Amino acid sequence: MTVSVSLHRDRYPAPSAMLELIKPVTWFPPMWAYACGAVASGVAITEHLGLLIVGVILAGPVVCGMSQAANDWCDRHVDAINEPNRPIPSGRIPGRWGLWIALAMSLLSLALGATLGTWGFIATVVGVIAAWAYSVEPIRLKRSGWFGPGLVGLSYESLPWFTGAAVLSQTLPSGPIILIALLYGIGAHGIMTLNDFKALEGDAQMGVNSLPVTLGPERAAKVACIIMLVPQIFVILALAKWGQSTQAAIILALVLGQLWAMSVMLKDPKAKAPWYNATGVLMYVSGMMVSAFALRGMGVV
């Protein structure tokens with residue numbers, strides 16, 4: 001009887017391991033960005049609450065969760081070095097279950113995206129393709145410290161922001177909405193670079209040329225800070241030009257707060273990168289919502 005139970009556990013993943021595989025902690029950015037797009041659209045959200053809820057679930061647990069499962073499957077050899085206790089290298093997700101979960105969630109993403117209309121489905125297709133292009137061989141854009149974080153930043157911030165606005169308004173969002181969404185997605189490249197610090201050793205051994213690997217932690221951290229700051233400066237200038245001076249001032253204050261957090265992080269980038277993700281990044285995403293309300297106040301669609 002004891003042997004039978006052991007074999008069963010080896011063949012099938014536990015629900016807790018499957019939940020860990022899709023990393024709930026990573027769901028917040030695309031969910032938040034979708035909500036920003038919904039706010040920016042100017043549409044009465046209470047009248048389209050279903051589209052908001054389904055879109056947030058799609059952006060976070062489903063598409064982002066799928067991307068994490070796909071990444072963990074494709075990264076199982078790297079994780080065996082960096083994070084051997086992760087579900088796949090530890091054996092808690094046995095055999096090819098990691099792959100099957102990622103594929104099943106890809107299909108679920110497309111099915112759920114189809115319920116959001118043409119724009120929602122197109123955006124979902126783009127998100128699914130981007131997730132696999134980031135991780136799977138031979139494409140594996142993750143190998144590049146420039147293309148990999150760039151793709152993730154655009155997928156986590158720009159794409160769901162655009163989708164939220166498009167789904168609620170059922171039309172192509174305006175130029176200002178697309179511009180602000182794009183700027184925040186570009187800036188997120190820096191956030192993704194800081195996330196690469198935790199995998200520095202394994203990436204170096206497995207040929208993943210992240211910026212911390214190719215530039216070293218100190219230079220990579222400085223580049224990440226610049227990439228995060230410059231798009232936000234353009235956001236401030238754009239909002240000021242569009243007559244949203246109060247919101248521009250609020251974002252400027254948030255940027256100054258990030259500069260302080262960056263000064264702390266740059267003293268020891270490898271050790272302080274997780275701390276920055278809990279401070280500077282919080283100010284970054286707060287500015288996103290401030291921008292969304294500014295766009296809503298402009299009455300753009």
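Scope of the values below: all heavy atoms of this structure, side chains included, with no hydrogens, waters or symmetry mates. This one's a predicted model, so the numbers in the text were calculated from it and none came from an experiment.
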Side-chain donor/acceptor of [X] to backbone N/O of [Y], under 3.5 Å:
X: E47; Y: A44; answer: no
X: W97; Y: R11; answer: yes
X: R76; Y: W73; answer: yes
X: S263; Y: W260; answer: yes
X: S67; Y: C64; answer: yes
X: T279; Y: W275; answer: yes
X: R92; Y: N85; answer: yes
X: S135; Y: W132; answer: no
X: Y134; Y: A70; answer: no
X: S158; Y: A181; answer: yes

Could you state the interatomic distance from [atom1] ([X]) to [atom2] ([Y]), rounded to the nearest 0.5 Å?
X: L179; Y: L295; atom1: CG; atom2: CG; answer: 9.0 Å
X: L172; Y: I177; atom1: CG; atom2: CD1; answer: 9.5 Å
X: I180; Y: I178; atom1: CD1; atom2: CD1; answer: 11.5 Å
X: M288; Y: Q232; atom1: CE; atom2: CD; answer: 10.0 Å
X: M31; Y: Y34; atom1: CE; atom2: OH; answer: 11.5 Å
X: I101; Y: Q68; atom1: CD1; atom2: CD; answer: 13.5 Å

Check this for me, if you would: do D203 and R143 make a salt bridge, where the nitrogen-to-carboxylate-oxygen distance has to be below 4.0 angstrom? no
Going by an N to O cut-off under 4.0 Å, is there a salt bridge joining D72 and K23? yes
Can you find a heavy atom in the side chain of [X] that is under 4.5 Å from one in the side chain of [Y]?
X: D79; Y: P84; answer: no
X: L154; Y: L182; answer: yes
X: T124; Y: L58; answer: yes
X: I226; Y: L229; answer: no
X: K222; Y: M262; answer: no
X: I88; Y: L21; answer: yes
X: K272; Y: L194; answer: no
X: V63; Y: P30; answer: no

For M192, the option from V152, L151, I227 that meets side chain to side chain contact (heavy atoms under 4.5 Å, CB included): V152
Which one of I191, I186, T193 satisfies the side chain to side chain contact (heavy atoms under 4.5 Å, CB included) criterion with H189? T193
How far apart are the closest heavy atoms of [X] and [Y], and which atoms are they?
X: L168; Y: L52; value: CD1-N, 4.4 Å
X: S144; Y: P149; value: O-CD, 3.4 Å
X: T115; Y: L112; value: OG1-O, 2.5 Å
X: P13; Y: I93; value: CB-CD1, 3.4 Å
X: A292; Y: C36; value: CB-O, 3.4 Å
X: A273; Y: F197; value: CB-CD1, 4.2 Å

Apply side-chain contact (heavy atoms from CB on, under 4.5 Å) to W27 and I22, showing your working. CA-CA 9 Å; W27 299 348; I22 59 177; 3.6 Å; yes
Could you walk me through whether V39 and F293 satisfy the side-chain contact (heavy atoms from CB on, under 4.5 Å) test, starting with their C-alpha distance in whole Å, then the side-chain angles of each, then the deciding distance to 0.1 Å, before giving a yes or no? CA-CA 6 Å; V39 169; F293 274 102; 3.9 Å; yes
Determine, stepwise, if the pair D196 / K142 fulfils salt bridge (Lys or Arg N to Asp or Glu O under 4.0 Å). CA-CA 10 Å; D196 287 336; K142 182 175 183 176; over 6 Å; no
Among the clusters formed by ILVMFWY side chains lying less than 4.5 Å apart, do [X] and [Y] turn up in the same one?
X: V54; Y: L49; result: yes
X: V281; Y: V290; result: yes
X: W32; Y: Y276; result: yes
X: I139; Y: M66; result: yes
X: M265; Y: L256; result: yes

For a quick test of your reading: what N or O donor-acceptor pairs under 3.5 Å do the side chains of residues 236-249 make, sequence neighbours left out?
none

Once you measure the plane-to-plane angle for Y184 and W161, does it fall in the parallel (<30°), tilted (30-60°) or perpendicular (>60°) bin? parallel
For V223 and L215: C-alpha separation, side-chain torsions, deciding distance, then whether side-chain contact (heavy atoms from CB on, under 4.5 Å) applies. CA-CA 9 Å; V223 169; L215 300 180; 3.9 Å; yes
